[in-house]
Amino acid sequence: MTTHEDNGPVDELLARSHRLGSDPRNTNYAGGNTSAKGTAKDPVTGGDVELLWVKGSGGDLGTLRAAGLAALRLDRLRALTGVYPGVEREDEMVAAFDYCLHGRGGAAPSIDTAMHGLVDAPHVDHLHPDSGIALACAADGEALTAECFGDRVVWVPWRRPGFQLGLDIAAIKEANPGAIGTILGGHGITAWGATSEECERNSLEIIRTAERFIAERGRPEPFGPVRAGFEALPEGERQARAAALAPVIRGLASTDRPQVGHFGDAEVVLDFLSRAGHPRLARLGTSCPDHFLRTKVRPLVLDLPADAPLDEAVARLRELHAEYREEYRAYYERHADAASPPMRGADPAIVLVPGVGMFSFGKDKQTARVAGEFYVNAVNVMRGAEAVSSYAPIEEREKFRIEYWELEEAKLRRMPPPKPLATRVALVTGAGSGIGRATARRLADEGACVVVADVNSEAAQTVAKELGGPDRAVAVTVDVTSEEGIAAAFRAAALAFGGVDLVVNNAGISISKPLLETTAEDWDRQHGIMARGSFLVSREAARVMSEQGMGGDIVYISSKNGVFAGPNNIAYGAAKADQAHQVRLLAAELGERGIRVNGVNPDGVVRGSGIFAGGWGAKRAAVYRVPEERLGEFYAQRTLLKREVLPEHVANAVFALTGGDLSHTTGLHIPVDAGVAAAFLR
């Protein structure tokens with residue numbers, strides 16, 4: 001951000017942006033932009049220079065910081081009107097903004113920069129409130145705007161955002177000196193003011209006045225009567241149905257490229273889907289450019305009642321998905337020309353299931369969640385428009401021009417490349433400590449969404465929070481000896497992220513006793529958690545992965561002790577050998593489904609290990625007759641490399657198996673033991 005002596009305009013702008021952006025009634029996430037004009041010192045001449053500070057491309061008003069503002073010289077920005085080549089070439093003006101920057105200029109200027117610079121007002125807000133867009137997308141929006149606001153707010157017919165729209169709004173303000181702002185057809189609102197306070201007050205007046213107008217003038221059931229059988233299921237049934245459908249829907253939505261899912265059952269969506277008018281309105285699609293850039297031109301809607309048999313719903317979803325892809329390709333081919341970017345994919349971003357809710361998809365969890373939030377905005381817009389008129393979004397051709405806009409394509413090209421595990425959902429058992437915790441962290445660092453599963457609820461929650469919270473990780477409490485508990489963990493994964501692609505069988509305990517002191521209870525407990533638990537987790541993982549149809553990875557954290565026969569270790573070593581052979585058996589069985597099964601054989605992981613801290617370390621130290629605090633050093637010295645093995649080294653092996661470079665490897669065990677010759681695989 002450019003330095004300047006007086007931070008007043010910037011501070012006021014940021015404070016106003018935070019207040020407006022923190023209320024979803026005012027604008028959607030990352031939508032809209034605000035600006036302020038003021039004077040700063042020119043570091044070259046020492047004189048004053050007029051600047052425009054405006055929210056840069058891609059930022060969010062609610063969390064905007066100074067670094068997210070673009071700073072431009074106002075004289076140079078306004079001088080662009082003299083070289084403007086006309087609406088057919090207006091996209092060229094975005095590159096011209098670079099020649100107007102003050103110093104380094106801060107953030108990249110957005111397409112709306114011209115609007116903020118050309119409108120003759122010190123402060124300008126451009127927002128996407130549901131109430132304003134409802135009027136903007138009503139069939140008789142212009143007449144309704146006049147009825148609602150009189151001459152205080154002026155109607156602007158739909159025009160794609162850009163330089164010409166900035167010129168249009170500037171001319172409208174000049175011709176209407178008593179106006180406080182505009183309703184932009186098919187788009188949103190713009191307001192202005194002589195001070196930051198006045199601009200914010202005018203924005204809120206437009207938004208709240210539109211809300212009251214719709215509430216007072218609107219008809220009571222804008223979406224029509226409730227359709228029998230399409231009412232919302234009770235919450236428990238709704239969640240169970242959503243968890244059952246999520247992997248199937250995610251697999252369909254990932255036909256062209258893998259996607260992360262999000263499920264929402266907001267009352268506004270459930271009510272919409274219960275009404276007779278929802279099929280017609282959903283097919284019309286969203287309208288505000290911010291909406292359909294996130295949600296695609298329209299959603300996929302299941303046309304069955306809420307209580308339809310699950311297999312019937314799944315079969316119908318597959319049919320509808322095939323139809324959706326055909327229709328989307330036809331939409332692209334109707335409007336694409338030689339200059340259009342290639343089709344980005346024909347799968348839906350939003351899938352609506354009556355009685356259940358909404359499934360939304362994106363390249364990561366945040367993108368998927370925000371897409372769902374935008375469709376909630378779209379439902380609110382449709383309700384408002386239908387309440388006072390009829391919903392009439394911009395025509396399909398204009399939607400295509402926005403969706404496949406070269407400027408949007410350029411923005412996508414500027415994004416950093418995805419991390420190796422982006423779009424993958426990992427479930428790690430025993431992830432509350434030690435190897436599991438390190439593995440969860442490594443997978444999250446490489447882009448995966450992580451389900452942190454552990455019998456210790458507090459530990460699981462702590463790790464999930466460390467990994468970044470619900471957009472990156474969720475915690476589930478699970479005892480791997482419980483079939484229902486495991487099924488519940490996978491249901492939680494489906495509701496959080498759409499399904500599971502990568503499972504790490506890490507949960508375990510260690511019982512170190514000589515044969516004659518090992519009880520049947522010791523044996524059963526050791527095998528119940530590790531051998532039986534791994535089997536149960538893998539079985540549920542295979543079921544979910546098969547429903548998704550996207551392949552997957554199952555990794556067993558086995559042990560050197562599954563190969564090497566150590567002393568006083570019968571229950572643990574036998575359970576690890578069981579796990580090791582499960583890797584081979586499942587690799588042979590699941591390969592035809594694209595599911596790879598591999599293992600990691602660690603040894604001597606003392607530091608950071610929950611197992612060693614829980615008493616195993618003391619017992620092994622006693623076996624080897626070394627102080628417990630020197631056990632890690634003892635293990636290191638008996639290896640070929642003379643290096644201590646840490647949880648992070650095991651996590652590295654898990655990533656090596658799942659990060660993409662070993663895509664043709666299954667049935668493999670990787671030793672992570674610093675070299676124990678007796679445990680070499682033969």
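For the numbers below, each heavy atom of this structure counts, side chains included, while hydrogens, waters and symmetry mates do not. All values reported here derive from a predicted model rather than from experimental measurement.
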Do [X] and [Y] sit within salt-bridge range, that is, some charged N less than 4.0 Å from a carboxylate O?
X: E147; Y: R217; value: yes
X: R401; Y: E398; value: yes
X: E235; Y: R238; value: no
X: D60; Y: K55; value: no
X: R160; Y: D91; value: yes
X: R275; Y: E221; value: yes
X: R241; Y: E237; value: no
X: E403; Y: K296; value: no
X: E396; Y: K399; value: no

Using a 4.5 Å cut-off on heavy atoms from C-beta on, say whether the side chain of R250 contacts that of V425.
yes
L352 side chain near L302 side chain, heavy-atom distance below 4.5 Å:
no
Both conditions, 6.0 Å and 45 degrees, for the charged tip of R543 above the ring of F490: are they met here?
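That pair does not qualify as a cation-pi contact.
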For Y328, does the six-membered ring have the charged nitrogen or CZ of R325 within the cation-pi criterion, i.e. under 6.0 angstrom from the centroid and within 45° of the normal?
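So R325 doesn't make the cation-pi contact.
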Any donor-acceptor N or O pair under 3.5 Å, side chains N380, R25:
no
Please tell me whether N33 and D112 have a donor and an acceptor in their side chains that are separated by less than 3.5 angstrom.
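Result is yes, a qualifying pair exists.
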May I ask you to check whether F213 and F149 place their ring centers less than 6.0 Å from one another?
no
is_close_aromatic(F374, Y29), centroid dist under 6.0 Å:
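Ring centres of Y29 and F374 not closer than 6.0 Å.
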Is it true that a side-chain atom of S390 and a backbone atom of E386 form a donor plus acceptor pair closer than 3.5 Å?
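No, S390 side chain to E386 backbone: no donor-acceptor pair under 3.5 Å.
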Minimum-distance pair of heavy atoms, taken over all atoms of D271 and R383:
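Smallest heavy-atom distance, with atoms named: OD2-NH2, 3.7 Å.
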At their closest point, which heavy atom of S360 faces which heavy atom of A368, and how far apart are they?
OG-O, 2.6 Å
Going by ring pair (Phe, Tyr, Trp, His ring centres under 6.0 Å), name the residues that satisfy it together with F359, two or more places apart in sequence or in a different chain.
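For F359 the ring pair (Phe, Tyr, Trp, His ring centres under 6.0 Å) partners, ignoring immediate neighbours, are F263.
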Where does the angle between the aromatic ring planes of H335 and Y331 fall among parallel (under 30°), tilted (30 to 60°) and perpendicular (over 60°)?
perpendicular
